[in-house]
Amino acid sequence: MDCNNNACIDLHIHSTASDGTFSPAEILALAQDLNLAAIAITDHDTINGSKEALGIGVSPPLKFLTGVEISASPPPSFSYSGSLHILGYSIKIDNPLLNKTLAALQGARKNRNPGIIDRLNSMGVAISMDELSNEVGGAQLGRPHIARLMVKKGYVESIQEAFDKYLGKGKPAYVDKYRLDCSMAIEVILGAGGIPVIAHPFLLNPRNIGDIEELVITLKAMGLKGIEVYYPEHSQDNISKLEDIANRHGLLMTGGTDFHGSLKPEIKMGSGRGDFCVPYILYERLMENR
Ligand code: AMP
Ligand code: ZN
Ligand code: FE
Ligand code: FE
């Protein structure tokens, strides 16, 4: 989408609280430098990044939304193999059920990592949990961190190669993890006063538009409020189809780059691969419809 030099926003950003490489403070500073009008920090299954940003304080004119990206399981009648990610915006970060639920998801992530390491070890990739923890520090460990260590130790040339050969879904070192049922993910976000939005629908598999629309209808009945329409991996054709679905079903539209810093080096905050821009009006609509 072209914003014709109007202010852009980025409502999908990962910080060091999950698998981004920029701290919340660095994200706020970069957003100011880039003259972004509004951002949200949406870490995987944690709101620690958003909490930290609020603690630091956000200087006007930049607007900040608390956020989270929950890994959910699809409704039982849908056989999706990609991850169904539910974004939650403008959540109250001290909500007890939200915090309890995210703590359980963080536990599941921790339990998964040794399994991935075991599989890698049995394939001749010599990486230990200690080594990984030392690399990552206090952040929540995810597959991109494992991929980065594999690059560093020379087992693969790139993070993408690590996913393609070892870590991606269906690859030999892939280990599934517990996911929150999508209806619970939506309920927990709503319960924390937040706005639940389906993330990057075209990363789901199958990704035909009929299936996506059916999924959206099912999730709307559970309380879904929006669709992440604008996303660097979405083609213009995909975007048009998602705009149409959002309009016909009365859903909000959001967008963001899924910025991960050097763990997704081709994606820049606010501008994706260069010409990406999510218009500020979408932030205003999101705020009006809270
Ligand atoms: P995790 O939280 O450990 O499941 O890792 C999720 C992150 O891994 C996502 O944010 C993506 O950036 C990245 N990722 C997942 N699948 C792939 C893939 N096939 N290729 C490259 N990156 C991926
Ligand atoms: Zn990520
Ligand atoms: Fe995602
Ligand atoms: Fe993401």
Side-chain angles (χ1 to χ4, degrees), residues 10-22 27 39-47 49-50 65 67-74 80-89 102 105-117 119-120 129 132 135-136 139-151 156-180 182 185 196-205 207 227-234 254-267 269 272 278:
D10 192 340
L11 301 184
H12 194 150
I13 294 173
H14 292 267
S15 80
T16 44
S18 66
D19 54 2
T21 58
F22 282 55
I27 288 170
I39 60 164
I41 294 183
T42 52
D43 281 306
H44 300 287
D45 300 328
T46 175
I47 48 175
S50 284
L65 278 178
V68 68
E69 181 176 26
I70 298 181
S71 299
S73 55
Y80 280 103
S81 64
S83 21
L84 173 56
H85 288 174
I86 307 288
L87 294 158
Y89 290 117
L102 294 180
L105 293 176
Q106 286 154 25
R109 283 178 167 276
K110 269 201 188 111
N111 292 338
R112 173 202 206 194
N113 292 318
I116 298 177
I117 297 300
R119 289 192 181 204
L120 287 173
M129 272 309 294
L132 193 58
E135 271 283 307
V136 177
Q140 175 172 256
L141 250 163
R143 286 178 292 161
H145 296 116
I146 299 175
R148 183 174 63 190
L149 187 55
M150 289 172 73
V151 175
V156 285
E157 298 269 322
S158 66
I159 288 173
Q160 192 56 53
E161 187 186 342
F163 273 93
D164 292 346
K165 290 195 177 151
Y166 298 94
L167 302 170
K169 183 125 183 170
K171 304 300 174 193
Y174 180 79
V175 174
D176 220 348
K177 67 171 180 293
Y178 162 73
R179 290 162 197 276
L180 196 63
C182 56
V197 171
I198 180 174
H200 45 60
F202 276 96
L203 294 193
L204 288 164
N205 244 326
R207 52 188 79 173
I227 303 177
E228 186 178 53
V229 171
Y230 307 99
Y231 189 76
E233 314 297 326
H234 287 174
T254 70
T257 60
D258 213 351
F259 179 70
H260 278 73
S262 64
L263 283 176
K264 253 194 193 180
E266 72 284 8
I267 297 293
M269 193 194 292
V278 180

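Each ligand, and each atom within it, is numbered from 1 in the order the structure gives.
The protein atom (non-hydrogen) at minimum distance from atom 13 (C) of ligand 1 is Phe163 CZ, 3.6 Å. Taking atom 5 (O) of ligand 1 as the reference point, the nearest protein heavy-atom neighbour is Pro144 CD, 3.6 Å. Annotation: atom 10 (O) of ligand 1 to nearest protein heavy atom, His44 NE2, 3.0 Å.
Within 6.0 Å of NZ on Lys165 lie no more than 12 heavy atoms contributed by other residues, nucleotides or ligands. More than 12 heavy-atom neighbours from other residues, nucleotides or ligands sit within 6.0 angstrom of CD on Glu266.
Partner of His12 under the side chain to side chain donor-acceptor pair (under 3.5 Å) criterion, chosen from Thr257, Asp258, Thr254: Asp258. Paired with Val136 under the rule side-chain contact (heavy atoms from CB on, under 4.5 Å), one option of Leu141, Asp19, Thr16 passes, and it is Leu141.
When the options Arg109, His200, Glu69, Lys169 are ranked by their closest heavy atom to atom 2 (O) of ligand 1, first place goes to Arg109. Compare His145, Lys171, Arg143 by their heavy atoms: the one nearest to atom 4 (O) of ligand 1 is in Arg143.
Within the 2.8 Å limit, His200 places no N, O or S atom next to the Fe ion (ligand 4). None of the N, O or S atoms belonging to His12 lies under 2.8 Å away from the Fe ion (ligand 3).
Under the 4.0 angstrom criterion, atom 7 (C) of ligand 1 counts as having a protein heavy-atom contact.
Looking at heavy atoms from C-beta onward, Leu105 lies in side-chain contact with Leu102 at the 4.5 angstrom threshold. Inter-residue side-chain proximity for Leu203 and His85 is flagged as unmet; no heavy-atom pair is nearer than 4.5 Å. Under the 4.5 Å side-chain criterion, counting only non-hydrogen atoms from C-beta, Pro201 is not in contact with Tyr231. Taking the side chain as every heavy atom from C-beta outward, Val156 and Tyr166 approach each other to under 4.5 Å. Side-chain contact check for Leu204 versus Leu84: some heavy-atom pair is nearer than 4.5 Å.
Only side-chain heavy atoms of Asp19 come within less than 4.0 Å of ligand 1; its backbone N, CA, C and O stay farther off.
Residue Gln160 has at least one nitrogen or oxygen atom sitting less than 3.5 Å from a nitrogen or oxygen atom of ligand 1, judged on distance alone. Geometrically, ligand 1 and His14 share no nitrogen or oxygen pair separated by less than 3.5 Å.
Close approach of ligand 1 to Lys177 (heavy-atom distance below 4.0 Å) involves ligand atoms 4 (O). For ligand 1, the atoms sitting less than 4.0 Å from at least one non-hydrogen atom of Lys264 are 12 (O), numbered in the order shown with element in parentheses. Remark: ligand 1 atoms within the under-4.0 Å shell around heavy atoms of Gly142 are 3 (O). Below 4.0 Å from some heavy atom of His260 lie the following atoms of ligand 1, by number and element: 10 (O), 12 (O).
Within His85, ND1 is the N, O or S atom that lies nearest to the Fe ion (ligand 3). When you scan the N, O or S atoms of Asp258 for the one nearest the Fe ion (ligand 4), you land on OD1.
Rounded to the nearest 10 degrees, the angle NE2 (His14) to the Fe ion (ligand 4) to OE1 (Glu69) equals 90°.
In the model, Glu135 has no side-chain atom that pairs as donor or acceptor with a side-chain atom of His145 under 3.5 Å.
Side-chain rings of His234 and His200 stay apart, their centers remaining 6.0 Å or farther from each other.
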